[in-house]
Undergrad: 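Here's a structure for you.
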Number of protein chains: 2
Amino acid sequence: MATIKQVSELAGVSLATVSRVINNTDQVKPGTKAKVEDAMKTLGYRPNFIAQSLASNKSNTVGYVVPELHGSFFGDLLSGTERLLKQANKHLFIAAGHSNEVDEVKAIESLLSRRCDALILHLEAVSNDYLVQLAKDNVDFVVVNRFIAEISERCVTLDNVKGGYIATQALIDNGHKSIAYITGSLWKADAEDRFTGHKAALQEAGIALRPELVFEGDFQADSGYKGMSQLLNSGETITAVCCGNDEMAYGAAEAIREKGLRIPDDISLVGFDDIEFSRFLQPKLSTVKYPMRDIGETAAKMILQKIYNKDFSVKHHIFDPVMISRNSIKTL
Amino acid sequence: MATIKQVSELAGVSLATVSRVINNTDQVKPGTKAKVEDAMKTLGYRPNFIAQSLASNKSNTVGYVVPELHGSFFGDLLSGTERLLKQANKHLFIAAGHSNEVDEVKAIESLLSRRCDALILHLEAVSNDYLVQLAKDNVDFVVVNRFIAEISERCVTLDNVKGGYIATQALIDNGHKSIAYITGSLWKADAEDRFTGHKAALQEAGIALRPELVFEGDFQADSGYKGMSQLLNSGETITAVCCGNDEMAYGAAEAIREKGLRIPDDISLVGFDDIEFSRFLQPKLSTVKYPMRDIGETAAKMILQKIYNKDFSVKHHIFDPVMISRNSIKTL
DNA sequence: CTGAAAGCGCTAACAC
DNA sequence: GTGTTAGCGCTTTCAG
């Protein structure tokens with residue numbers, strides 16, 4: 001692999017000059033510039049990013065910790081971020097936190113030791129305190145899908161409480177009173193928030209929360225299936241079920257069908273997130289939209305603005321959920 | 001950010017010794033080791049990955065070019081790779097190729113300039129020749145989802161031709177003769193291969209290919225919808241439709257339902273890939289399994305073995321497709 | 001507009 | 001076991 005030194009020798013100029021043309025940083029006489037470019041071409045020179053980073057003390061890359069690499073939810077979130085960053089010639093280094101504290105911290109450390117210029121953190125297990133401390137340690141980062149009061153200006157998220165509220169509201173508005181709820185893992189802040197919204201909506205409507213209609217799932221389709229089956233077998237009257245996310249709603253739908261029941265005629269169903277496939281579910285799933293693309297892009301803009309001094313004015317840090325009404329809710 | 005030098009001063013030892021304890025590379029007397037570790041802790045020392053890479057000339061990271069970050073297909077593929085690599089303490093740097101040659105080449109160059117120890121390439125636009133040349137240039141890489149004869153030992157893929165064949169075969173076995181086909185973008189090798197398999201199955205069964213029953217989509221759900229609508233409106237007799245991937249099958253299903261037709265009673269449907277959601281489609285989609293996890297893991301193993309000298313014996317480079325029979329095919 | 005030279009933080013011989 | 005030292009490939013003053 002050719003080095004800058006070889007290029008400089010071939011071109012008959014100094015190292016510094018080659019560096020200048022690589023980075024377009026200073027004026028270089030057109031003639032010398034051409035010589036350097038020729039030399040680079042004939043040598044197949046490619047800048048050593050590692051060396052550049054070490055010398056300049058910046059890596060032009062932002063680190064991103066995601067819970068998992070798979071799943072359409074995270075992919076969509078990442079996608080928006082990547083697009084904007086690429087436009088600005090910044091790179092994205094992705095690491096998975098696997099929803100546990102050890103891996104999450106490891107991922108952060110690893111990104112830091114790579115000297116990422118900034119981080120985007122989509123964490124589930126790590127404590128708020130850890131993040132507040134990280135901010136005090138002068139690490140530049142943005143938190144996605146989580147709101148932490150002490151560092152609110154670094155957070156981009158959906159108002160999950162309100163989301164849980166409007167999902168349940170949609171059911172109540174249609175005359176439902178016996179509403180079951182399948183939560184995500186309740187130790188996760190977003191799952192808890194959504195459930196909190198659900199409870200608020202019930203209370204506001206004067207409907208008592210019945211613990212026997214609540215099942216704690218884990219955001220996976222299988223848990224929705226299991227929860228719904230259990231709920232259905234419990235003998236309780238249920239006219240509608242609200243799920244902590246769409247995937248669990250898929251599983252719930254499956255359980256409902258297996259029981260020989262119909263959606264929404266026998267049971268109404270509502271999800272959360274509006275992931276890509278929800279419009280293909282039969283009947284089409286009514287759900288709360290999680291604006292993944294917007295959130296991903298906002299995170300990118302915040303960093304582009306703050307760290308790379310690009311001219312972005314970020315409008316929303318906390319997005320408002322929107323109910324997507326399709327065909328899975330019956331009016332009673 | 002603390003440096004190795006500060007650690008060495010605080011611990012009262014030399015740089016080399018600190019380096020030794022960081023990398024566990026040479027014997028260090030327990031006493032000194034403890035002193036060094038204390039110093040690291042009190043300084044909050046974190047190795048500078050960039051500097052390590054430059055000095056040692058290896059980065060312990062493998063680069064991965066994916067077509068897109070979103071979509072459950074790629075996510076699942078990545079996921080298996082990441083798991084194995086993480087186990088071996090290697091990192092994954094992901095870059096998106098966005099299905100166009102410019103971005104794909106840029107992504108590769110960027111990974112190379114980061115001095116990735118090896119690459120995993122999931123490319124769509126770049127030519128075979130380019131990759132053959134890359135191999136000659138001594139770049140270590142593995143190609144995913146594509147077979148190139150000249151560098152066959154570097155390829156991990158599914159036999160897409162056979163996949164297209166068995167999908168159509170499943171339809172033929174059930175008595176279908178009027179089979180429509182919605183392809184992925186035909187300039188993509190996998191789309192073409194699947195279609196080739198389709199044609200082979202037809203021919204073998206003595207069924208003439210009718211061009212008016214073929215629609216070229218682009219692997220997106222919308223194109224499946226559009227293709228199916230068009231096919232349905234053409235007035236041709238169609239008893240079954242075979243799609244180049246599951247997402248297009250979702251769109252096709254939608255079009256079929258909108259026409260007031262039923263799956264599989266009026267029209268049988270088969271997909272390709274068996275992405276996660278396909279079991280939730282109504283009726284459950286019969287499809288060809290694309291073993292994303294296996295393929296992702298195999299790619300990782302090949303690299304772990306070849307580049308990092310880990311002890312993996314990779315069994316399959318070309319996976320055999322398997323038909324997943326669910327409920328979207330009717331026996332005529 | 002161009003060159004010389006001092007690092008960036010670390011590894012890897014090579015001595016002791 | 002431990003220290004010394006020469007780079008890794010590049011950026012960045014500072015001169016000129």
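Chain letters run A, B, ... following the sequence lines, proteins first and then strands; every chain starts at 1.
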Undergrad: Quick check for you: among C:dA13, D:dT13, D:dC8, whose closest atom lies nearest to any side-chain atom of A:Arg20?
TA: D:dT13
Undergrad: When you get a sec, tell me which of D:dG7, D:dT2, C:dG3 is the closest nucleotide to the side chain of A:Thr17?
TA: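 Of all the options, the side chain of A:Thr17 is nearest to C:dG3.
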Undergrad: Taking atom P of D:dC10 as reference, at what distance in whole Å does atom NZ of A:Lys58 sit?
TA: 16 Å
Undergrad: Return no unless some side-chain N or O of A:Ser56 is found under 4.0 Å from OP1 or OP2 of D:dT12.
TA: no
Undergrad: Could you state the atom-to-atom distance from CD1 of A:Ile50 to C1' of C:dT11 in whole Å?
TA: 14 Å
Undergrad: Looking only at side-chain N and O atoms, does A:Asp76 offer a donor or acceptor that is under 3.5 Å from a partner on A:Tyr290?
TA: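 Checked: A:Tyr290/A:Asp76 side chains show no N/O donor-acceptor pair below 3.5 Å.
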Undergrad: Output the rounded distance in Å from NZ (B:Lys33) to P (D:dT2).
TA: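 Roughly 11 Å, once rounded to whole Å.
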Undergrad: Have a look at B:Asp26 and say if it touches a base, only the backbone sugar-phosphate, or nothing, with a 4.0 Å heavy-atom cut-off.
TA: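 The answer is nothing, as B:Asp26 stays clear of every strand by at least 4.0 Å.
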Undergrad: Measure CG/A:Leu15 against P/C:dC8 and give the value in whole Å, please.
TA: 18 Å
Undergrad: Under a 4.0 Å N-O cut-off, is there an ion pair linking A:Glu297 with A:Arg293?
TA: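 Answer for the salt bridge query: yes.
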Undergrad: In whole angstroms, how far is the C1' atom of C:dC10 from the CZ atom of A:Arg114?
TA: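 The answer, rounded to whole Å, is 16 Å.
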Undergrad: Between A:Ser185 and A:Lys188 (side chain of the first, backbone of the second, donor and acceptor by atom type, cut-off under 3.5 Å), is there such a pair?
TA: no
Undergrad: Select one nucleotide: of C:dT11, D:dT11, D:dT2, the one nearest the side-chain heavy atoms of A:Gln52.
TA: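 Nearest nucleotide to the side chain: D:dT11.
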Undergrad: Under 4.0 Å between a side-chain N/O of A:Ser14 and OP1 or OP2 of C:dA4, yes or no?
TA: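 No, A:Ser14 has no side-chain N/O under 4.0 Å of OP1/OP2 on C:dA4.
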Undergrad: Check the side chains of B:Glu82 and A:His70 for a donor-acceptor pair under 3.5 angstrom, ignoring hydrogens and angles.
TA: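 No donor-acceptor contact under 3.5 Å links the two side chains.
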Undergrad: Taking CG from B:Leu54 and P from D:dC10, how many angstroms apart are they, rounded to a whole number?
TA: 9 Å
Undergrad: For A:Val18, report the nucleic acid contact type (base, sugar-phosphate, nothing); a contact means any heavy atom under 4.0 Å.
TA: nothing
Undergrad: Identify the heavy atoms of A:Val126 and A:Glu104 that sit nearest to each other, and give their distance.
TA: N-OE1, 2.8 Å
Undergrad: Should A:Phe147 and A:Asp193 be marked as a side-chain contact (heavy atoms from CB on, under 4.5 Å) after you check the CA-CA gap, both sets of side-chain angles, and the distance that decides it?
TA: CA-CA 10 Å; A:Phe147 182 79; A:Asp193 286 350; over 6 Å; no
Undergrad: At under 4.0 Å between heavy atoms, what does A:Tyr45 touch on the DNA or RNA strands: base, sugar-phosphate, or nothing?
TA: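 Sugar-phosphate, backbone atoms only, no base.
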Undergrad: Does B:Thr3 have a side-chain nitrogen or oxygen under 4.0 Å from the phosphate oxygens OP1 or OP2 of C:dG9?
TA: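 So the side-chain polar atoms of B:Thr3 never come under 4.0 Å of the phosphate oxygens OP1 or OP2 of C:dG9.
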Undergrad: Which listed nucleotide (C:dT2, D:dC10, C:dT11) is nearest to the side chain of A:Ile4?
TA: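 Nearest to the side chain of A:Ile4 among the choices is D:dC10.
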Undergrad: Does a nitrogen or oxygen in the side chain of A:Asn48 sit under 4.0 Å from OP1 or OP2 of D:dC8?
TA: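 It does not, given that no N or O in the side chain of A:Asn48 lies less than 4.0 Å from OP1 or OP2 of D:dC8.
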Undergrad: Tell me: CD1 of A:Ile22 to C1' of D:dC10, nearest whole Å?
TA: 8 Å
Undergrad: In whole angstroms, how far is the P atom of C:dA4 from the NZ atom of A:Lys5?
TA: 12 Å
Undergrad: If each of B:Ala55 and B:Gln27 is mapped to the nucleotide of DNA chain D with the nearest heavy atom, which maps nearer the 5' terminus, i.e. the 5' end?
TA: B:Gln27
Undergrad: When we call it a touch if two heavy atoms are under 4.0 Å apart, what does A:Thr32 touch: a base, just sugar-phosphate, or nothing?
TA: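 Sugar-phosphate, backbone atoms only, no base.
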